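Everything below concerns the one structure shown next.
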Amino acid sequence: MNRLALELPGLSLKNPIMPASGCFGFGKEYARLYDLSKLGAIMIKATTLETRLGNPTPRVAETAAGMLNAIGLQNPGLEKVIAEELKWLEQYEVPIIANVAGTLTEDYVEVAKHISKSKNVKALELNISCPNVKCGGITFGTDANVAAELTAAVKAVSEVPVYVKLSPNVTDIGEIARAVEAAGADGITMINTLIGMRLDTRTGKPVIANGTGGLSGPAVKPVALRMVYEVAKQVSIPIIGMGGITTVDDVIDFMSAGASAVAVGTANFVDPFVCPTIIEQLPEKLDWLGLNHISELIGRSHR
Amino acid sequence: MNRLALELPGLSLKNPIMPASGCFGFGKEYARLYDLSKLGAIMIKATTLETRLGNPTPRVAETAAGMLNAIGLQNPGLEKVIAEELKWLEQYEVPIIANVAGTLTEDYVEVAKHISKSKNVKALELNISCPNVKCGGITFGTDANVAAELTAAVKAVSEVPVYVKLSPNVTDIGEIARAVEAAGADGITMINTLIGMRLDTRTGKPVIANGTGGLSGPAVKPVALRMVYEVAKQVSIPIIGMGGITTVDDVIDFMSAGASAVAVGTANFVDPFVCPTIIEQLPEKLDWLGLNHISELIGRSHR
Amino acid sequence: MIRQERMRVVKHKEIAHNIFEMTLIGQLVHDMKSPGQFVHIRVSDSYEPLLRRPISIASIDRDTLEFTIIYRAEGRGTSILATRNIGEEVDVLGPLGNGFPISEAAAGETVVLVGGGIGVPPLYELSKRLVDKGVKPIHILGFQTKEVVFYEDLFRELGETHVVTVDGTHGHQGFVTTVLADLKPDFSTYFTCGPTAMLVAMENMYTDKKGFLSFEERMGCGLGACFACVCKTTEQTAVDYVKVCSDGPVFPAGVVQI
Amino acid sequence: MIRQERMRVVKHKEIAHNIFEMTLIGQLVHDMKSPGQFVHIRVSDSYEPLLRRPISIASIDRDTLEFTIIYRAEGRGTSILATRNIGEEVDVLGPLGNGFPISEAAAGETVVLVGGGIGVPPLYELSKRLVDKGVKPIHILGFQTKEVVFYEDLFRELGETHVVTVDGTHGHQGFVTTVLADLKPDFSTYFTCGPTAMLVAMENMYTDKKGFLSFEERMGCGLGACFACVCKTTEQTAVDYVKVCSDGPVFPAGVVQI
Ligand SMILES: Cc1cc2nc3c(=O)[nH]c(=O)nc-3n(C[C@H](O)[C@H](O)[C@H](O)COP(=O)(O)OP(=O)(O)OC[C@H]3O[C@@H](n4cnc5c(N)ncnc54)[C@H](O)[C@@H]3O)c2cc1C
Ligand SMILES: Cc1cc2nc3c(=O)[nH]c(=O)nc-3n(C[C@H](O)[C@H](O)[C@H](O)COP(=O)(O)OP(=O)(O)OC[C@H]3O[C@@H](n4cnc5c(N)ncnc54)[C@H](O)[C@@H]3O)c2cc1C
Ligand SMILES: Cc1cc2nc3c(=O)[nH]c(=O)nc-3n(C[C@H](O)[C@H](O)[C@H](O)COP(=O)(O)O)c2cc1C
Ligand SMILES: Cc1cc2nc3c(=O)[nH]c(=O)nc-3n(C[C@H](O)[C@H](O)[C@H](O)COP(=O)(O)O)c2cc1C
Ligand code: FES
Ligand code: FES
C-alpha cells in the first residue's frame, strides 16, 4: 500500500505534494535537479491565450519571512504551452494541473477548452486571483457572482475537472468558495498571494516596478491556514492548500486544517529540493503521528 | 524647532511615534522602563463599557516573523479606566488616544461619550476591527455602511476627534476608509491584525484557545504598507499607520506611504525600549534623507 | 529595576539530554531579588523567532554578577539559544515577576520543594536561600527518564533529595506525588514548579498546607502589559484574574484556578 | 550538474572596506565550468532572510575543490554571511548560469576586461583562463573610492591593469570609460561586469566591437523557473526576453535592452 496515495477529482496522486503555479515554471529547470515523476502533481505556470511578457523588473522583493512578486503572468501563450511545454512534460509520470488565466471570460474559456485536451493535463486551476495584472485575474476572484459565472463557463468546456484558485484578499472567502462550488467547481486551490508592498527606504518609492506585488512565503502561512480551515467547513469539494509551506510539518498543518493535498510555492526558491524532501519525510511523520495513511490527516482539526 | 513635532486633529505630537493599542496596556508597565513623556502619544488598551475578562489561554502564538493573539479585549471597563488608568497617566506629558470597543453601537457611544471627557484623552480610536471577539468589533469593520453609521454615532457624542481603526480583512479597504471619512471621521488608524491560525502539528488542534487569532509583527508589514498607500490616495484625513513596525526604517516607509504618524505594536514585546529608541534615531535618519522636518516624509511615495 | 541587557555567556554546557546550563554575566544580576523570578530572552537578533522566551533564574551569584539558567532545547527558540558560544552575547530582559517568598518559611522549619522537569531549576536558588536561612528543605524532583535528570548532586548537597522518573530508569518510579505518598514528610510549607498536572496534584494532595506554586503560561511582553498570560483566579480571591508574568509566576496555593 | 551543497568555509576575510573574500570547499566545484557563472547562497537556515543571494564565482581551484567569492556586506543577507566563521557551513546552490565565452578570444589576441565595484570578481577567474590560453588581457577596474579597491595586485600579475576611482583617491580619477578614452587600447573583444550604467557606457563606446556583458537582476529561483529576472531583448534578437539567471548572466553586446 502506498501510504501517501490520494484520489482527487481527475487526479491520482502518488503523494499530496505538488509545486505551486508560477514557482516551478513548466518543470524543465527542476527536472535538472530531480526526477519530476516523484511529485504528486505539477501546477504549471499560468497560461494565457497569447504570449505575455509580464511586468517590468524588479519583479521580486524580499520581506520579513516572505517575498513579493509581480511577475505579471509572463508565459509563452496557449499554443506554445501545449505544443512544447506540456509535450515535453509527457515523459514524466506525473499529472499536470494547468493554471489558466485571462482578461475576459472568453479568454479563460478558450484556454480551458484547448489545454484540457492535452494528454497529461488532468485538471485545470482557474487563476481568478492573480494580484499582479491590470484587469482580469483578481477582479474575478473578489466577487462571488463573477467567480461563479466564470467557473460555470469554464466547466462547460473543460474536459477535465476544474479547480478554482481563491484570492485571500477578500472579506469573506467562504462566500466565494461556496459560490464556485455551487457553480460546479470540482475543487478549490488556495491561497494565492496577499497584496503587499515594499518601499525603498531611501527614495520612498516602491521596490517592485509594478508598485504592489503578491506576498508569499512563511509569513502568510497563518492567514492561509485560517482560510483553508474556514473554507473546509463550508464546502464539500476538496481543497489543495498552499501559502508558506516550507516543511513537512507545514504539510501536516494544512491537511489537518482540511486540505486534501498541498502545493509548495516560494519554498522552491529557498530549497529547490523541498518537494522531494518533504515527500521522503512524510511516511516517518505519519509514524510519529500514529497514522497509517495520509488521508487520515485530512480535516482532523475539525474532529 | 522640533524636527519631529506634528499636529494632527486633537493631537499635538512631540514626535510621530506611539505604542499601538493592546501592546502597551495603560502604560504602567513601560513606565518602569522609561519616561512615557518621551512618546508622541499613547494608544491605550481597548476600553469597553463593562469589565471584560477576555478569551481563554493560550492567547498568543508565535508565527514566522509574527505572532497571533486572541486576547479578546480584556480590560477593566470604562469606569475603572477613567478613574484609575487615565488618572494615573495624567502625570505624563503625553496625549492619550483612547481605543474604544463594544458589542453594540450603544456601547461604543456610551464609552466614547464618557472617555472623551477625560482630561488627557485627546482623541478616540474606534476599534471596529478586532478579530478576536464574537460580536461587535470586526463586524463593524467589514461593511462600509455599518462602519459609517457607527462613526457618525460616535462623532455625535465625542468631545475629541475620532479616528477609526480599519480592519485589513476586507476586499476593499479604500471603500471603508472613504465611508468613515464621509461619516465625519477625523482620522484613520490602520491596520488592525489579519486573521490567522496556528495548529499544533502533533494534535492538529489550534494552538490559540480561541481557534483563530490576529496576526501582527514584521510578517504583516507589506500588507499594512500597501493598504496605507492605497487609503492615502483615497482620503484626505490623516492616517496613523501601523503593522509590523520594528525599526526606524519601517517608520520612514509608513510615512512615505502616506501615514502622518505611526504606532508600534508587537515590537514592544520584542524590545520594550523600541519606541524611545526609534524616536532617538529619527533625527539622524532625517539627515540621511536630507530632510529638515519629519512632515516632509508624509506621502513622498506618491510624489 | 527591570533592564534589557546584552549579557555575555560565561559558561554553557549540556548537562543532560537536551538540557543546557548557561551562565551569563552582567549588571542585570544586581536587581535579581527572589528565587523564582525569570528572565525573558531574545534568542536571535533577527525576526525569527520573534518573541522572547521566558526562562527561570536557576542560581544567582551577586559577587561575580553571574546568574545561571537551565533550559530544555526543544522548540525553535531554545534550539537557537543552545548554539550560543561562550563569549557571545544574549539579549536578556529582567529580572521579571515575583518569586518564591522565602519569608514564608522560618528557620528550623522543614519545607518540601517539589519540581518537575524544567520546573526544577528555580528550586535550586530557592533551596540555597532557604538553607542559608536555616530552613531544612526536602527535595522531590521528578523527571521523565534517566537521561534528562540533572542537578541531583547539587540538590543533595543542600538537603534530603528524592529523584523519581516516570519510567523508573532512575531513582523511584512514578510521579513526585508517588514519592510524597510513600514518604509522608512532615513539613510546614511546600514550594513547587513544574507541569500543570503536577501543580494540580500538589494542591489536591495538600489542601491543608501552605503552598507556593510557580505557573507557566505563553507570554507576549513578559511585563504585564499585553494580557497574554492571564489566569482566572478561584472564588476565594478578590481579583478576577492574575497575570503570570507580573503578578506571578509564583502564587500561593488556592489563588489560580487550575 | 547543479547541486545544492553545504560547503565548508576554508578562508574568510575582509579584503577592503566591507568587501569580503570567502573560500568554500566541496563537490560542487567539480561542475564549475566557465568564469562568470554564479552561485546562489542561502545565508541563514532560518526564514530570515528568506531568499538566496546570487554571487559570482571569483576563482576556482578544481584540484583542491575550492572556490572563492568576493562580496560586499551591505544589506541584511550579505551582512549575515559576513559573520560566518572558518569551519562553518554555507548552503550553496550552483553553479548557475552561463559565463564568459573564453572561446571568443584566440591566443595572441588582446582583450579588455572592464569591471566596476563588485562586478570585478568574476573577471579574475576569466583573466586567469584567458592568460592560460595565451590571450593578453588589459584590466580596467573601477571603484568608488580607495577604501573599496581590491585585487589590484592579483590582476596586475595577470596583465596590464588600470585602476580608476570615482573620487580619484586611488589610481586614475573618473570612470572606466575615462580610462578607456585616454588609453585607446587596441583589442578584439571586451568582457565587462558591473553596474548597469557602466554596461550601457561600454556598449555605446564600442558599438563596432565584440563584447560580452554580465548583468544583474533581482532573483527568485536562480534557475530559470520563476521569471523574476527577465530582461527585454533588443529588436535584433529572435526572442522577446532573456532570463539573467539561466540564459545569462553573460550576454553578447546588443542582446539585452539596456
Ligand atoms: C515563568 C516561566 C519560567 C520558565 N522557566 C523555564 C526554565 O527555567 N527552563 C526551561 O527549559 N523552560 C522554562 N519555561 C518554559 C519555556 O519558556 C519554554 O519551554 C520555551 O519558551 C519554549 O520555547 P521554544 O523556543 O523551545 O519552543 P517553541 O515551540 O518555538 O515556542 C513557541 C512559542 O511558545 C512559547 N512557549 C512554548 N512552550 C512554552 C511554555 N511551556 N511556557 C511558556 N511559553 C511557552 C514560546 O515562548 C514561544 O513564544 C518557563 C516558562 C515560564 C512561563
Ligand atoms: C549574477 C549576479 C552575480 C552577482 N555577483 C556578485 C558578487 O560577486 N559580489 C557581490 O558583492 N555582489 C554580487 N551580486 C549582487 C548581489 O547579489 C547583491 O548585492 C546581494 O544580493 C544583496 O543582498 P543583501 O543581503 O546585501 O541586500 P538586501 O537589501 O538584503 O537584499 C534584498 C533582496 O534584494 C536582492 N538584491 C539586492 N541587490 C541586488 C543586486 N544588485 N542584484 C541582484 N539582487 C539584489 C537580494 O538578493 C535580496 O533578495 C551579483 C548579482 C547577480 C544577479
Ligand atoms: C514568483 C511567483 C509567481 C507566481 N505565479 C503564479 C501564477 O502564475 N499563477 C498562480 O495561480 N499563482 C501564482 N503564484 C502564487 C503561488 O502559486 C501560490 O499561490 C502563492 O505563492 C502562495 O504559496 P507559497 O507561499 O508557498 O509561495 C506565484 C507565486 C510566486 C511567488
Ligand atoms: C497582544 C495584542 C493586543 C492587541 N489589542 C488591541 C486592542 O485592544 N485594540 C486594538 O485596536 N488593537 C489591538 N491590537 C492590534 C494592534 O494595536 C495593532 O493594530 C496590530 O498589532 C498591528 O501592529 P503591529 O504589527 O505593530 O503589532 C493588539 C495587538 C496585539 C499584538
Ligand atoms: S506576558 Fe504580557 S501580560 Fe504577561
Ligand atoms: S531568478 Fe527565477 S527565472 Fe531567473
Side-chain angles (χ1 to χ4, degrees), chain A residues 19-34 44-46 51-77 132 207-209 213 216-219 221 244 246-247 265-274 277, chain D residues 1-6 28 31 39-54 74-78 80 91-97 196 215-233 239-248 256-258:
Chain A
S21 178
C23 302
F24 207 71
F26 296 93
K28 275 206 180 94
E29 294 77 16
Y30 289 89
R32 297 171 66 189
L33 303 183
Y34 61 84
I44 56 172
K45 176 82 193 145
T51 310
R52 292 227 191 161
L53 287 181
N55 293 319
T57 56
R59 295 175 169 189
V60 295
E62 202 179 42
T63 68
M67 68 176 281
L68 293 167
N69 90 80
I71 306 297
L73 298 185
Q74 174 153 22
N75 80 95
N132 301 322
V207 169
I208 298 238
S216 62
K221 183 189 160 192
T246 311
T247 67
T266 304
N268 289 291
F269 308 156
V270 180
D271 172 2
F273 294 92
V274 63
T277 302
Chain D
M1 201 176 89
I2 296 170
R3 301 182 204 232
Q4 181 180 11
E5 186 179 354
R6 293 187 77 87
L28 205 144
D31 300 299
V39 290
H40 215 21
I41 297 186
R42 187 170 177 193
V43 302
S44 153
D45 290 334
S46 95
Y47 295 155
E48 269 289 292
L50 188 67
L51 297 177
R52 291 174 178 270
R53 301 298 193 255
E74 202 179 18
R76 276 195 316 170
T78 49
I80 292 175
D91 179 341
V92 181
L93 177 70
L96 302 176
T196 308
F215 287 80
E216 280 189 13
E217 194 49 79
R218 306 259 161 168
M219 292 188 180
C221 65
L223 296 166
C226 76
F227 292 88
C229 65
V230 159
C231 290
K232 285 226 176 81
T233 46
V239 293
D240 294 328
Y241 64 90
V242 288
K243 296 176 202 158
V244 169
C245 70
S246 54
D247 298 322
V256 174
Q257 210 183 92
I258 45 178

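Worth saying up front: this structure is predicted, and the values here are computed from it rather than measured.
- Note: P272(A) leads A267(A), P272(A), A219(A), C23(A) in heavy-atom pairs under 4.5 Å with chain D.
- In this structure, CZ on R218(D) lies 9.0 Å from CD1 on I208(A), to the nearest 0.5 angstrom.
- Here L53(A) contributes atom CG and F227(D) contributes atom CZ; the two are 10.5 Å apart, rounded to the nearest 0.5 Å.
- Residue R32(A) places its CZ atom among 12 or fewer non-hydrogen atoms of other residues, nucleotides or ligands, all under 6.0 Å distant.
- Within the 4.5 angstrom heavy-atom criterion, atoms from both the backbone and the side chain of L51(D) approach chain A.
- With rounding to the nearest 0.5 angstrom, the CD atom of E29(A) is 4.5 Å from the NZ atom of K243(D).
- The heavy-atom pair separating E217(D) from P58(A) by the smallest distance is OE2-CA, 4.2 Å.
- Of the atoms belonging to Q4(D), heavy atoms from both backbone and side chain fall under 4.5 Å from chain A.
- In this structure a side-chain-to-backbone donor-acceptor pair under 3.5 Å is missing from R42(D) to D271(A).
- No other option in G66(A), G54(A), A61(A), P56(A) has as many heavy-atom pairs under 4.5 Å with chain D as G66(A).
- Of the two parts of K28(A), neither the backbone nor the side chain holds a non-hydrogen atom closer than 4.5 Å to a non-hydrogen atom of chain D.
- For the atom pair CZ of F269(A) and CG of L93(D), the computed distance is 12.5 Å after rounding to the nearest 0.5 Å.
- Between A228(D) and V60(A), the closest heavy-atom pair is CB-CG1, 3.6 Å.
- Interface remark: Y241(D) contributes side-chain atoms only to the contact with chain A (heavy atom separation under 4.5 Å).
- Of the two parts of T266(A), only the side chain, counted from C-beta on, holds a non-hydrogen atom closer than 4.5 Å to a non-hydrogen atom of chain D.
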Chi angles and distances behind the side-chain contact (heavy atoms from CB on, under 4.5 Å) call for V230(D), R59(A): CA-CA 9 Å; V230(D) 159; R59(A) 295 175 169 189; 3.8 Å; yes

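- Highest contact tally toward chain A, considering only H40(D), R52(D), M1(D), is held by R52(D) [criterion: heavy-atom pairs under 4.5 Å].
- Within the 4.5 angstrom heavy-atom criterion, atoms from both the backbone and the side chain of F273(A) approach chain D.
- Annotation: the span from T57(A) atom OG1 to K232(D) atom NZ amounts to 8.5 Å, rounded to 0.5 Å.
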